[in-house]
Amino acid sequence: MSEERSLNFIEEIVEEDIAAGKHGGRVLTRFPPEPNGYLHIGHAKSICLNFGLAKKYNGKTNLRFDDTNPTKEETEYVDSIKEDVKWLGFDWAEELYASDYFDNLYDLAVELIKKGLAYVDDSTAEEIAAQKGTPTEPGTPNQYRSRSVEENLQQFADMKDGKYQDGDKVLRAKIDLASPNMLLRDPLMYRIKHAHHHRTGDAWCIYPMYDFAHGQSDAIEEITHSICTLEFVSHRPLYDLFIEELEIFPSKQYEFARLNMTYTVMSKRKLMQLVSENHVEGWDDPRMSTISGLRRRGYTAASIREFCDRIGVAKRENMIDFSLLEFCIREDLNKTAWRRMAVLDPIKMIITNYPEGQTETLHGENNPEVEGGDGGRDIPFSNELWIEREDFMEEPPKKFFRLGVGLMVRLKNAYIVKCEDFKKDADGNVTEIYCTYIPESKSGHDTSGIHVKGTIHWVSVPHAKTAEVRLYDRLFKVEDPSSEEGDFKEYLNPDSLQILPNVYIEADLANAEQGKGYQFIRKGYFTLDKLSTADKLVFNRTVTLKDGWAVKKG
RNA sequence: UGCCUGAUAGUAUAAUGGUAGUACGACGGUUUUUGGUACCGUUUGUCUAGGUUCGAAUCCUGGUCGGGCAACCA
């Protein structure tokens, strides 16, 4: 079954390591989010990469929360992250927290002080920044850099014991103030923060920085391949240096290009702003690029995994077309979504030769892509139908395969009708369309011999139910809001949400289930919103169908 | 004006010194009781200038362009 697929550069590294017998061929990756926001589609790429790699090479993946900054992290985020990873279809080997290692990390810092490789600095943040120099000028040492090991040990212990206020002192690695890599100019290892931590409470008032937590956590867990995004490339020398000096497990860091996607933003900071400033309903607003937003919008886990598979993994900066994500969800839903009929913008059609008051029950299959139609449902029919306003034109152009006086179409799963006349109101708006039907053209039993080009959807007026339907468009007006002048929020699309309060839906849709995708024939894929109730159905449009006619019209 | 990193159709991604391929997009066609799906076809590319080599997207040198780095963020 496995047609050969070329490996991405990380898979190549892993295969080389396995072939060389490194770590006995063991593969252990980790997904290390900071619990300071909800996961987005960019995280999905990382999740699929880390978990996918482990799965492919008989390894495991840890879920590790990088919770070293208590002022930004909350349990709400921990919970949402776990839910999203699970929903995407992945199981972690262990649920771990950097905060589990605070004691361990403290000991490692002490070890570094003892080796003369770390010192307590009393300078202010501004002084430290100034003393670091610039990319073209080396930094300058201060008097604290030459503190004795004993003094450093005592000071660090006092820091831990809460004898100082926030900002009074920091622990710094003593590396090279003239390094061309700014990160190596005596980076901070610990800072004082008298803040409540979501897991350790008030047990600590000093917290390790990323650079003195991440690699060490990897080593503690004996992670074999620590995969992160490109912005950490310049951190790698530090990552390796600490591991080497501490003589702990030699985890290795590899970097890939993060995902960027057109017409959206992909940073927790920006997504957070959209939420807190109420530009969207919340982290799971269906227009958001968050996993929870996509889920609420109707995207399936399988479609997101497929997307992550298709975009590939490389080191080059990229900008993926949103249309690729749309392709992936259409491909999935086409094969699974049940077909139903709904009229979003209604106009009434009256069939003049069908007895008033008569109804009959027609049948429609659930999904023509599935052998046998995947079952079906009953569809009530009568002489009054709702049809889509755009399916009728007073003066139809050539190749308009829908209705206009004298034109014929098939009503999906029902009869062929011929448009005879229509009525307009005082403002010139078409209000009713009059048709005659061909009794011999009943779907499945057509002996009329008539062939029509167009088929339209419809809902019987007396049997119709109603629902609110929410149509979504791209959140931003421009491809890359982050690269535009000024605030990215200036480029929000004001028409990204359109609410249709009263859409006519076929009766069977009252049985729609949460989490299931439905195709409203010719209109797109829809799913029940989380706010939907039996009394008030609310559908979200996941994505439109491809519309070749719209393209032709121009 | 420092260091790191990258550059292949519109967008992504392969080709690991030996025929530049695949997917999405776009365009055209066939089928169709969804102007959907499916199927078929067309289209467009190795940043640049040198060098090594029988042969370079691949190796070397210079340039150009993009991204990252000077948070008590991760």
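Here is how names work: the chains are called A, B, and so on, in the same order as the sequence lines, proteins then strands, and each is numbered from 1. Note that these values count all heavy atoms, side chains included, but never hydrogens, waters or copies made by symmetry.
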Chemist: Classify H235(A) by what it touches in the nucleic acid, base, sugar-phosphate, or nothing, heavy-atom distance under 4.0 Å.
Modeler: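 Counting heavy atoms under 4.0 Å across all strands, the contact made by H235(A) includes a base.
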Chemist: Please identify which of these residues, I450(A), V417(A), D446(A), meets the side chain to side chain contact (heavy atoms under 4.5 Å, CB included) condition with R410(A).
Modeler: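 With R410(A) as partner, side chain to side chain contact (heavy atoms under 4.5 Å, CB included) holds for just one option, D446(A).
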Chemist: Would D100(A) and R64(A) pass as an ion pair if we require N to O under 4.0 Å?
Modeler: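 Salt bridge flag = no for R64(A) with D100(A).
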Chemist: Counting distance alone, no hydrogens or angles: does the base of rG36(B) have a donor or acceptor under 3.5 Å from a partner atom on the side chain of E369(A)?
Modeler: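 Under the 3.5 Å cut-off, the side chain and the base do form a donor-acceptor pair.
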Chemist: Answer yes or no: does a side-chain N or O of K193(A) lie under 4.0 Å from OP1 or OP2 of rC73(B)?
Modeler: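 Indeed, a polar side-chain atom of K193(A) lies that close.
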Chemist: Counting any heavy atom closer than 4.0 Å, what does V313(A) reach on the DNA or RNA strands: base, sugar-phosphate only, or nothing?
Modeler: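 V313(A): backbone/sugar contact only, no base atoms under 4.0 Å.
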Chemist: Judged by each residue's nearest nucleotide on RNA chain B, which is more toward the 5′ side, I320(A) or K546(A)?
Modeler: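 It is I320(A), whose closest nucleotide lies nearer the 5' terminus.
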Chemist: Assign Q519(A) to base, sugar-phosphate, or nothing according to its heavy-atom contacts below 4.0 angstrom with the strands shown.
Modeler: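 Base: the residue Q519(A), judged by heavy atoms under 4.0 Å, touches a nucleobase.
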Chemist: Using distance alone, with no hydrogens and no angle criterion, decide if D378(A) and H363(A) have a side-chain donor and acceptor under 3.5 Å apart.
Modeler: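 Result is no, nothing qualifies.
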Chemist: Just to be sure I understand the rule, does G139(A) reach a base, reach only the sugar-phosphate, or reach nothing, if contact means heavy atoms closer than 4.0 Å?
Modeler: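 G139(A): no heavy atom of the nucleic acid under 4.0 Å.
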Chemist: Select base, sugar-phosphate, or nothing to describe what N413(A) touches, counting heavy atoms under 4.0 Å on all strands.
Modeler: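 Base: the residue N413(A), judged by heavy atoms under 4.0 Å, touches a nucleobase.
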Chemist: Under 4.0 Å, heavy atoms only, any strand: does R310(A) hit a base, just the sugar-phosphate, or nothing?
Modeler: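 Sugar-phosphate contact only - R310(A) comes under 4.0 Å of backbone atoms but never of a base.
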Chemist: Tell me if the side-chain of R410(A) makes a donor-acceptor pair with the base of rU33(B), cut-off 3.5 Å, by modelled atom types.
Modeler: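 When only heavy-atom distances are counted, R410(A) does reach the base of rU33(B) through a donor-acceptor pair under 3.5 Å.
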Chemist: Kindly confirm whether the side-chain ring of W549(A) is stacked on the base of rG35(B), judged by centres under 5.5 Å and planes under 30°.
Modeler: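 Yes; centroid distance and tilt both under limits.
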Chemist: Reading 5' to 3' and counting Watson-Crick or G-U wobble pairs with both distances under 3.5 Å, write the dot-bracket notation for RNA chain B, | for bases paired outside the strand.
Modeler: .((((((..((((....[..)))).(((((.......)))))....(((((..]....))))))))))).....
Chemist: Looking at D166(A) and H194(A), would you say the former's side chain and the latter's main chain have a donor-acceptor pair under 3.5 Å?
Modeler: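 Yes, D166(A) side chain to H194(A) backbone: donor-acceptor pair under 3.5 Å.
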Chemist: Taking for each residue the nucleotide of RNA chain B with the nearest heavy atom, is it A129(A) or G444(A) whose nucleotide lies nearer the 5' end?
Modeler: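 Per heavy-atom nearest nucleotide, the more 5' residue is G444(A).
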Chemist: For the side chain of S234(A), counting heavy atoms from C-beta on, which of rC72(B), rC69(B), rU34(B) is nearest?
Modeler: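 Output: rC69(B).
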Chemist: Looking for any heavy atom pair under 4.0 Å, which part of the strands does A125(A) touch: base, sugar-phosphate only, or nothing?
Modeler: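 Base, at least one base heavy atom under 4.0 Å.
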Chemist: Take N142(A) and D121(A), measure what side chain to side chain donor-acceptor pair (under 3.5 Å) needs, and give me the verdict at the end.
Modeler: CA-CA 9 Å; N142(A) 58 32; D121(A) 192 326; 2.9 Å; yes
Chemist: Are R258(A) and rG68(B) close enough that a side-chain N or O sits under 4.0 Å from OP1 or OP2?
Modeler: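 Answer is no, no contact under 4.0 Å.
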Chemist: For the side chain of R330(A) and the base of rG36(B), is some donor closer than 3.5 Å to an acceptor across the two?
Modeler: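 Flag unset: no donor-acceptor pair detected.
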Chemist: Would you indicate which nucleotide in rC73(B), rC72(B), rA71(B) comes nearest to any side-chain atom of E34(A)?
Modeler: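 So the nucleotide nearest the side chain must be rC73(B).
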Chemist: Under 4.0 Å, counting only non-hydrogen atoms across every strand here, what does T124(A) touch: a base, just sugar-phosphate, or nothing?
Modeler: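 The answer is base, as T124(A) lies within the cut-off (heavy atoms under 4.0 Å) of a base atom.
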Chemist: Quick one: do E221(A) and R30(A) make a salt bridge, cutoff under 4.0 Å?
Modeler: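 Not counted as a salt bridge, because no side-chain N and carboxylate O are separated by less than 4.0 Å.
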Chemist: Can you check the distance between rU33(B) and rA15(B), where both ends of the measurement are the P atom (answer in whole Å)?
Modeler: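 After rounding to an integer number of Å, I get 45 Å for this pair.
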Chemist: Measuring to OP1 and OP2 of rU13(B), would you say a side-chain N or O of R316(A) lies under 4.0 angstrom away?
Modeler: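 Indeed, a polar side-chain atom of R316(A) lies that close.
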Chemist: Check every strand shown and say whether S267(A) touches a base, only sugar-phosphate, or nothing at a heavy-atom separation below 4.0 Å.
Modeler: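 Nothing, no heavy atom under 4.0 Å.
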Chemist: If you take atom types as modelled and just measure distance, does the side chain of T455(A) reach the base of rU34(B) with a donor-acceptor pair under 3.5 Å?
Modeler: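 By the distance-only test, no, there is no pair.
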Chemist: Students often get this wrong, so: under 4.0 angstrom with heavy atoms, is L545(A) touching a base, only sugar-phosphate, or nothing?
Modeler: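 Base, at least one base atom sits under 4.0 Å.
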Chemist: Any base atoms under 4.0 Å from F400(A), or only sugar-phosphate, or nothing? Heavy atoms, all strands.
Modeler: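 The answer is base, as F400(A) lies within the cut-off (heavy atoms under 4.0 Å) of a base atom.
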Chemist: Does the side chain of Q253(A) pick up a donor-acceptor pair with the side chain of Y239(A) at under 3.5 Å?
Modeler: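 Absent: no donor and acceptor within the cut-off.
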Chemist: Could you tell me whether the side chains of D186(A) and Y119(A) share a donor-acceptor contact shorter than 3.5 Å?
Modeler: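 The answer is yes; a qualifying pair exists.
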Chemist: Pick base, sugar-phosphate or nothing for L324(A), based on heavy-atom distances below 4.0 Å to the nucleic acid.
Modeler: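 The answer is sugar-phosphate, as L324(A) gets under 4.0 Å only of primed atoms, P, OP1 or OP2.
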Chemist: Under the 3.5 Å rule, do the base of rU5(B) and the side chain of E317(A) count as making a donor-acceptor pair?
Modeler: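 Answer is no: no donor-acceptor pair is held.
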Chemist: Mind checking if N69(A) touches a base, just sugar-phosphate, or nothing, with heavy atoms under 4.0 Å?
Modeler: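 Answer is sugar-phosphate: N69(A) comes under 4.0 Å of backbone atoms only.
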Chemist: Distance check: side-chain N/O of R236(A) vs OP1/OP2 of rG68(B), anything under 4.0 Å?
Modeler: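 It does not, given that no N or O in the side chain of R236(A) lies less than 4.0 Å from OP1 or OP2 of rG68(B).
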Chemist: Is E390(A) salt-bridged to K523(A), cutoff N-O under 4.0 Å?
Modeler: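 K523(A) and E390(A): salt-bridged.
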Chemist: Would you classify P32(A) as touching base, sugar-phosphate or nothing, given that sugar-phosphate means primed atoms plus P, OP1 and OP2, and contacts are heavy atoms under 4.0 Å?
Modeler: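 No contact.
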